[in-house]
Amino acid sequence: DVAKAIIDLAVYGKAQNRSYERLALLVDTVGPRLSGSKSLEKAIQIMYQNLKEDGLENVHLEPVKIPHWERGEESAVMLEPRVHRMALLGLGGSVGTPPQGITAEVLVVTSFDELQRRAPEAKGKIVVYNQPYAIYFKTVEYRVRGAVEAAKVGALASLIRSVASFSIYSPHTGVQEYQDGVPKIPTACITVEDAEMMSRMASRGSRIVIQLKMGAKNYADADSFNTVAEIIGSKYPEQVVLVSGHLDSWDVGQGAMDDGGGAFISWEALSLIKDLGLRPKRTLRLVLWTAEEQGGIGAFQYYQSHKANISNYSLVMESDGGTFLPYGLQFTGSDKARAIMKEVMGLLQPINVTRVFSDGGGTDIKFWVQAGVPGASLLDDLYKYFSFHHSQGDTMTVMDPKEMSVAAAVWAVVSYVVADLEEMLPRS
Amino acid sequence: KAIYRNDTSQRTFEEIKEEIAHYG
């Protein structure tokens, strides 16, 4: 009755709401945890202590060099056709503007194709992208590549409609990538509301002028750590089931949803198993990644350090898509492994979370999955996720303690059972 | 370089299924 015991403890027993309460204590104490910041450093120290005090084994920190970017003061003021102070958030890694800012006319486009067609108009202007929101993983291209594409046609800066499924005048930040040989121009996200308004103004033939000021700076890489804890396996201690979430966040809100929830249900999975006095046959390893938001920097370093042991990894698990009510598990692996995962998920019938979907993975486990290790990620109710993602709204208020408890139960049952099976998951 | 583990399962799917059911 192991699965039932885990579910009872996590959802109905004394551990109910625990992952939520633990997360609230951390994020209320240190706030958001940007790569390279003092608050991320403090969060790692606190988590190291927490995991030790929880009685987990082999608690240690693995060093990683991570990007250090700070946004500084920033503002965007529309000067024509009327004065309007706009909300904005600079994008990770962006260069700043000169101290006096950049004052320029605006060119509004709705796609990269339109930018190409109107390339001669872009020179010396601020390009505003008002791309429609389709699905996140497509629309996010505008945030990532917007500055490069605008710079290629001679723009001075780019302002991108936030990649958000819903907006109450909320700018959403995120990472962007410059390209070698293309001038680095300042880039930021503005609100859906302002992007749409400027699009309407431009379509009426109005001249739009914006003064953009960004104090963003890039510093030398900072020292950081992936945080690791284990329950060492009883029979095959060298073999591993890895459960994970990332501890860093953007510098807005509290980073509670992205990815505090994922990190804390991963810790909770080990806590639940330990509290029940269980010890699986192979090692359950918790990894709290650093600098995921900058492109999986900590995860890449971990892969480089540990890939020699790849044959001993049975399953890698990552939760980085919210910890709302789970729908099931996304899984990548062989047909045989998928059939086994379906049986494992059948154990979650009491909480009705039994489905196995395709495309398990995520930024922090993709290196392992691409190399052939079975990978699983939590699939949950994403209805609210991209409304709050990378914005000031990512706080504990959006989290739900009961939903987190259910997610933790799923995470614990799957990781424990796979770690305790007599054989590793078969690969293709 | 990534090292792959050979697929060395000694058990049938039915046996694994029974093993998993045991955790229920």
Side-chain angles (χ1 to χ4, degrees), chain A residues 1-7 236 238-240 276 278 280-281 303-304 306-314 333-350 354 367-374 412-428, chain B:
Chain A
D1 292 339
V2 170
K4 187 176 179 301
I6 292 172
I7 292 166
Y236 310 113
E238 76 287 359
Q239 296 178 6
V240 174
L276 289 166
L278 299 169
K281 294 188 184 78
Y303 180 69
Q304 290 299 328
H306 295 273
K307 66 181 177 184
N309 294 322
I310 196 167
S311 61
N312 281 327
Y313 281 70
S314 181
S334 65
D335 289 346
K336 281 168 74 177
R338 175 174 295 276
I340 292 169
M341 292 306 290
K342 281 183 179 167
E343 293 298 318
V344 173
M345 290 302 286
L347 299 169
L348 290 155
Q349 185 61 52
T354 59
F367 310 107
W368 299 91
V369 175
Q370 283 164 1
V373 178
V413 168
V414 172
S415 60
Y416 174 78
V417 173
V418 174
D420 197 54
L421 291 177
E422 193 51 47
E423 291 184 350
M424 286 178 56
L425 288 180
R427 300 189 187 184
S428 44
Chain B
K1 186 167 164 34
I3 301 163
Y4 290 88
R5 188 181 192 85
N6 289 332
D7 196 349
T8 53
S9 177
Q10 303 297 315
R11 322 181 96 206
T12 65
F13 179 65
E14 279 308 312
E15 285 172 328
I16 296 171
K17 200 172 159 180
E18 272 178 33
E19 185 188 7
I20 293 168
H22 179 73
Y23 292 97

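Order of the sequence lines fixes the chain letters, A, B, ..., with proteins taken first and strands second; residue numbering starts at 1 for each chain. None of these values were measured; they are calculated from a predicted model. Keep in mind that the numbers below use all heavy atoms, side chains included, and drop hydrogens, waters and symmetry copies.
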- Can you say whether A/Glu422 sits under 4.5 Å from chain B via the side chain, the backbone, both, or neither, judging by heavy atoms? both
- Is it the backbone or the side chain of A/Tyr313 that comes under 4.5 Å from a heavy atom of chain B, or both, or neither? neither
- Heaviest contributor of heavy-atom pairs below 4.5 Å to chain B, chosen from A/Val417, A/Leu421, A/Val418, is A/Leu421
- Item | Side chain, backbone, both or neither of A/Ile340 within contact of chain B (heavy atoms, under 4.5 Å) | both
- Task: Please work out whether the ring planes of A/Tyr303 and A/Phe367 are parallel, tilted or perpendicular, with thresholds of 30° and 60°.
- Result: parallel
- Does B/Tyr23 reach the side chain of A/Ile6, with side-chain heavy atoms less than 4.5 Å apart? no
- State, to 0.1 Å, how close A/Ala371 and A/Ile310 come at their nearest heavy-atom pair, and which atoms those are. CB-CD1, 3.4 Å
- Query: Knowing that exactly one of A/Met345, A/Met341, A/Glu343, A/Lys342 qualifies, which makes a side-chain contact (heavy atoms from CB on, under 4.5 Å) with B/Ile20?
  - Reply: A/Glu343
- Message: Does any backbone or side-chain atom of B/Phe13 lie under 4.5 Å from a heavy atom of chain A? Answer side chain, backbone, both or neither.
- Response: side chain
- Item | Nearest-0.5 Å distance that lies between atom NZ in A/Lys281 and atom CG in A/Asp420 | 4.0 Å
